[in-house]
Amino acid sequence: MINRIFLIVCVALVSFTGCGSDDTSDNENDMVIPVIPSNSDVRIQLSSGSGGTRAALDSDDGTNTFEANDLGIFCLANGFVENTKFDKTITWDPLHQHAKYYRLLDNVKADAVKKTKTEDGTAYTDIEFYADNGTEKEIKYYPLSNWLTYQFYGYYPRTTEITGDANNVYADIPITGKEDVIHGYTDNTAPNAYSAKYFRETANINTSAKMAFEHKLIQVQFHCIAGMKGGVVDEKAKDLIIKKVEVCDVPEKVRLVVASTDKEANGTLSITEATDTKYTVRGDNDGEFVPVRVSETKQELGQGIMLPPLNTDGANGLKQQYRVRITLAQATGGEEKMLDVFPDAVLTSEEGKFTKAGTLYNVVLTIYSPEDIRLNATLAPWITDDKEYDVQY
């Protein structure tokens, strides 16, 4: 590792651009304002844990470790180191003249990498940062001068569509049906967390900031089974082949609250645009969907599809239902005949269904054979009116 030598220079300037050491002045009339001329010797280390589902991001059973490429990480100022004489208001406004101090890591590209501690074999997930060019890994450091404390916020998949204000950071994330959306943040309220000074304290040496991620979407796994008629399996339903399953009315993107001074808002989803689309259930490993012939045994249809959770009252613009469209073919005499299927099935938020982020919902489609249209008709005979009618001209 490259040895780093830092020099702290102090000047008597009462302004944001003054400087000072980690210690405060003994003179109560002095305002000592440190600057960040360079990095400290304390590296930023961030580890995480996450629950998992099968679709996009898996977590190992019992350890909650996971791997993912291209996360977005923020390190945002949230307070001041103890005894720091500074009364400026912290703002996350990206256009603020000192945003680089308040937004120490600003949507930095990172990877989540599974690792194992050599001393005890414990598994963990390490967050590895990239340089500004986005192609080379880089070690990040806390500021040399300790006056701000920070908290970390992370999400996946990373996007460059980042907006916000003094108190919030938002990410507009495309929905693909294939990718998970996860979010996490640290909430360490210990004195001086997180700063170089915090990690120089005996109890915190060689420790990392820890951030647990959570799933923000739901996963729906479709299954199919032949229906029952008169208490027995509908044998003709076994002639049907499911060629495609589509979920309609899905928003094309969601807005994620990556960071907020209102802790309750962290990680919440909303839909800010009314543009909807439909997504086709994919085959295993995101391959093409493999048609499934209906049988009396329940069968999986492709892989789970990732969707924004529904909401019972449409809060935050979230949907109250999705439509499911099935393409069916009937196998007769070695040939397949395409069938019209109408209406669409509906996934609804009634009774709280499909509303809990991080939940895998199993949906069973019960398939019945098409009924032939048969009509028995009768024709009434002509009835003779025995009366005679005169018509005058």
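Starting from 1, each residue takes its place in the sequence as its number.
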Run the salt-bridge test on K115 and D126 with the 4.0 Å N-O cut-off and return the result as yes or no.
yes
Is it the case that over 12 heavy atoms from other parts of the model lie below 6.0 angstrom from the CD atom of E138?
yes
State, with a plain yes or no, whether a side-chain heavy atom of I326 is found less than 4.5 Å away from one of L365.
yes
Go through L307 and I175 one step at a time and tell me if the side chain to side chain contact (heavy atoms under 4.5 Å, CB included) criterion holds.
CA-CA 7 Å; L307 304 167; I175 294 297; 5.6 Å; no
Membership question, hydrophobic clusters at under 4.5 Å side-chain separation (ILVMFWY): are V363 and L301 in the same one?
yes
Would you name the heavy atoms of F74 and V169 that are closest together and state the gap between them?
CZ-CG1, 3.7 Å
State plainly whether one hydrophobic cluster holds both L339 and V245, where clusters connect Ile, Leu, Val, Met, Phe, Trp and Tyr through side-chain heavy atoms under 4.5 angstrom apart.
yes
Pair D172 + K253: basic N to acidic O under 4.0 Å:
no
So among V254, V181, I182, D180, which one has a side-chain contact (heavy atoms from CB on, under 4.5 Å) with K216?
V181
Which heavy atom of F289 sits nearest to which heavy atom of V281, and what is that distance?
CB-O, 3.5 Å
Does a sphere of radius 6.0 Å around CG in N206 hold more than 12 heavy atoms from other residues, nucleotides or ligands, not counting ones at 6.0 Å or beyond?
no
Would you name the heavy atoms of Y155 and P157 that are closest together and state the gap between them?
CE1-O, 3.2 Å
State yes or no: do V220 and I225 share one hydrophobic cluster built from I, L, V, M, F, W and Y residues joined by side-chain heavy-atom distances below 4.5 Å, directly or via other members?
no
Flag yes if more than 12 heavy atoms outside K238 fall under 6.0 Å of its NZ atom; otherwise flag no.
yes
Can you name the nearest heavy-atom pair linking G304 to Q219, along with the distance?
CA-OE1, 3.5 Å
NZ (K356) with more than 12 external heavy atoms under 6.0 Å:
no
For a quick test of reading the model, state the closest non-hydrogen atom pair linking L217 to E179 and the distance between them.
CD1-O, 3.6 Å
Rounded to the nearest 0.5 Å, what's the gap from CG on D111 to CG on D70? Could you check?
7.5 Å
Ignoring hydrogens and angles, state whether a donor on the side chain of T149 or N192 is under 3.5 Å from an acceptor on the partner side chain.
no
Correct closest heavy-atom pair for G154 and M211 would be N-SD, 3.6 Å
Does either side chain, that of T186 or that of N188, offer a donor lying less than 3.5 Å from an acceptor on the other one?
no
Just wondering, do R282 and E288 contact through their side chains at under 4.5 Å, heavy atoms?
yes
Kindly check if the number of other-residue, nucleotide or ligand heavy atoms within 6.0 Å of NZ (K137) is above 12?
yes
Could you check, using the six-membered ring where one of them is a Trp, whether F199 and Y194 have ring centers closer than 6.0 angstrom?
yes
So with a 6.0 Å cut-off around CG of D340, is the heavy-atom count from everything else above 12?
no
Going from CZ on R255 to CG on L269, what distance comes out if it is rounded to the nearest 0.5 angstrom?
12.0 Å
Salt bridge R293-D239, side-chain N to carboxylate O under 4.0 Å
yes
In sequence, state the C-alpha distance, the side-chain angles, and the governing distance for D262 and S260, and then conclude on side-chain hydrogen bond (donor to acceptor under 3.5 Å, both in side chains).
CA-CA 5 Å; D262 176 8; S260 178; 5.2 Å; no
Does the side chain of D93 come under 3.5 Å of the side chain of Y102 through a donor N or O and an acceptor N or O?
no
Modelled atom types, side-chain donor and acceptor of Q151 and D187, under 3.5 Å:
no
Assess the pair Y156 and F213: is the distance between their ring centroids shorter than 6.0 Å?
no
Is there a path of hydrophobic side-chain contacts, each under 4.5 Å between heavy atoms of I/L/V/M/F/W/Y residues, joining L76 to Y101?
yes
Audit row: L148, I90, side chain to side chain contact (heavy atoms under 4.5 Å, CB included) steps and yes/no
CA-CA 9 Å; L148 284 172; I90 293 174; 4.0 Å; yes
Can you tell if the side chain of F152 reaches within under 4.5 Å of the side chain of I44, non-hydrogen atoms only?
yes
Do the rings of F354 and Y361 sit parallel, tilted or perpendicular, given the 30° and 60° boundaries?
tilted
Treat each ILVMFWY residue as a node, draw an edge where side-chain heavy atoms are under 4.5 Å apart, and state whether I241 and I367 are in one component.
no
Would you find more than 12 non-hydrogen atoms of other residues, nucleotides or ligands less than 6.0 Å from D313 atom CG?
yes
